[in-house]
A.B. asks: 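One structure follows; several queries about it will come next.
Residue numbers start at 1 and run along the sequence shown.
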Amino acid sequence: MEVLFPQVRAELLRVLFGASQKQRYVRELMAITGLAMHTIQDELRKLTAIGLVVSWSNGYHRFYRAQQENALFEHLHQIVQLSEKLPTAKHSVLNRPAGGLTRRKRMKTPIAKMRPSRPPGWDLFKDKRTAS
């Protein structure tokens with residue numbers, strides 16, 4: 001799932017579109033996924049905006065569940081089910097290797113120092129009338 005989706009979205013899709021498909025509230029999602037509340041709320045806001053997730057409140061908790069009437073529901077449900085059966089991907093293979101050709105080497109050119117006995121020859125403060 002982490003290959004197809006960002007980590008937060010993958011975790012929430014796994015919980016909401018998984019086998020149980022229970023409605024969950026935010027703190028329950030925090031306990032299951034180990035993600036921060038604000039992170040979960042931001043992602044749930046996005047998933048709700050596109051219609052993949054619906055929510056309702058009992059006055060104390062806001063519950064979220066997968067929107068089964070959405071056209072993508074069956075596809076996402078199948079992806080989640082298949083991803084649970086597949087071996088997990090190695091994160092070391094997915095991430096860019098440190099160092100090597102991917103890191104540009106900084107040029108280490110010394111900054112030219114101005115000689116203190118001689119001012120720079122920019123002629124910025126030279127009077128144009130007396131120059132000729």
A.B. asks: Roughly how far apart are Glu43 CD and Gln41 CD, rounded to 0.5 Å?
C.D. replies: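 Answer for the CD-CD pair, Glu43 versus Gln41, is 12.0 Å.
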
A.B. asks: Please round to the nearest 0.5 Å and tell me the distance separating atom CD of Glu11 and atom CG of Leu13.
C.D. replies: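 It is 10.0 Å, given to the nearest 0.5 Å.
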
A.B. asks: Hydrophobic clusters here meaning ILVMFWY residues chained together by side-chain heavy-atom distances under 4.5 Å, can you tell me if Trp56 and Tyr64 are in one?
C.D. replies: no

A.B. asks: How long is the straight-line distance from CG of Leu76 back to CG of Leu47, given to the nearest 0.5 Å?
C.D. replies: 9.0 Å

A.B. asks: Side-chain contact, heavy-atom cut-off 4.5 Å: Met30 with Glu28?
C.D. replies: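 Counting from C-beta outward, Met30 and Glu28 never come under 4.5 Å.
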
A.B. asks: Any heavy-atom pair between the side chains of Gln67 and Val54 that's under 4.5 Å?
C.D. replies: yes

A.B. asks: May I have the step-by-step check of side-chain contact (heavy atoms from CB on, under 4.5 Å) for Arg24 and Arg65, ending in yes or no?
C.D. replies: CA-CA 7 Å; Arg24 310 261 185 194; Arg65 67 171 176 82; over 6 Å; no

A.B. asks: Indicate, with yes or no, if Phe5 and Leu16 share a hydrophobic cluster defined by side-chain heavy-atom contacts under 4.5 Å among Ile, Leu, Val, Met, Phe, Trp and Tyr.
C.D. replies: yes

A.B. asks: I'd like to know if Leu4 and Leu72 are part of one continuous hydrophobic network [Ile/Leu/Val/Met/Phe/Trp/Tyr, side-chain heavy atoms within less than 4.5 Å].
C.D. replies: yes

A.B. asks: Nearest 0.5 Å, please: how far is CD1 in Ile79 from NE2 in His77?
C.D. replies: 11.5 Å

A.B. asks: Quick one: sort the His61 and Phe63 rings into parallel, tilted or perpendicular, breaks at 30° and 60°.
C.D. replies: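 The rings of His61 and Phe63 stand perpendicular, inter-plane angle above 60°.
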
A.B. asks: If hydrophobic clusters are built by linking Ile, Leu, Val, Met, Phe, Trp and Tyr wherever their side-chain heavy atoms come under 4.5 Å apart, do Val80 and Ile50 end up in the same one?
C.D. replies: yes

A.B. asks: Less than 3.5 Å apart, any donor N or O on the side chain of Arg62 or Ser55 sitting next to an acceptor on the other?
C.D. replies: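 Yes, a side-chain donor-acceptor pair sits under 3.5 Å.
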
A.B. asks: Kindly indicate whether the side chain of Phe17, heavy atoms from C-beta on, has any atom under 4.5 Å from the side chain of Gln81.
C.D. replies: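 Counting from C-beta outward, Phe17 and Gln81 never come under 4.5 Å.
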
A.B. asks: For the side chain of Thr33 and the backbone of Leu29, is there at least one donor-acceptor N/O pair under 3.5 Å apart?
C.D. replies: yes

A.B. asks: As a test of understanding, state which of Ile40, Leu44, Asp42, Thr39 forms a side chain to side chain contact (heavy atoms under 4.5 Å, CB included) with Val8.
C.D. replies: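 Among Ile40, Leu44, Asp42, Thr39, the one meeting side chain to side chain contact (heavy atoms under 4.5 Å, CB included) with Val8 is Thr39.
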
A.B. asks: Taking the side chain as every heavy atom from C-beta outward, state whether Phe73 and Gln68 have any atom pair closer than 4.5 Å.
C.D. replies: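 Yes, close enough: below the 4.5 Å cut-off.
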
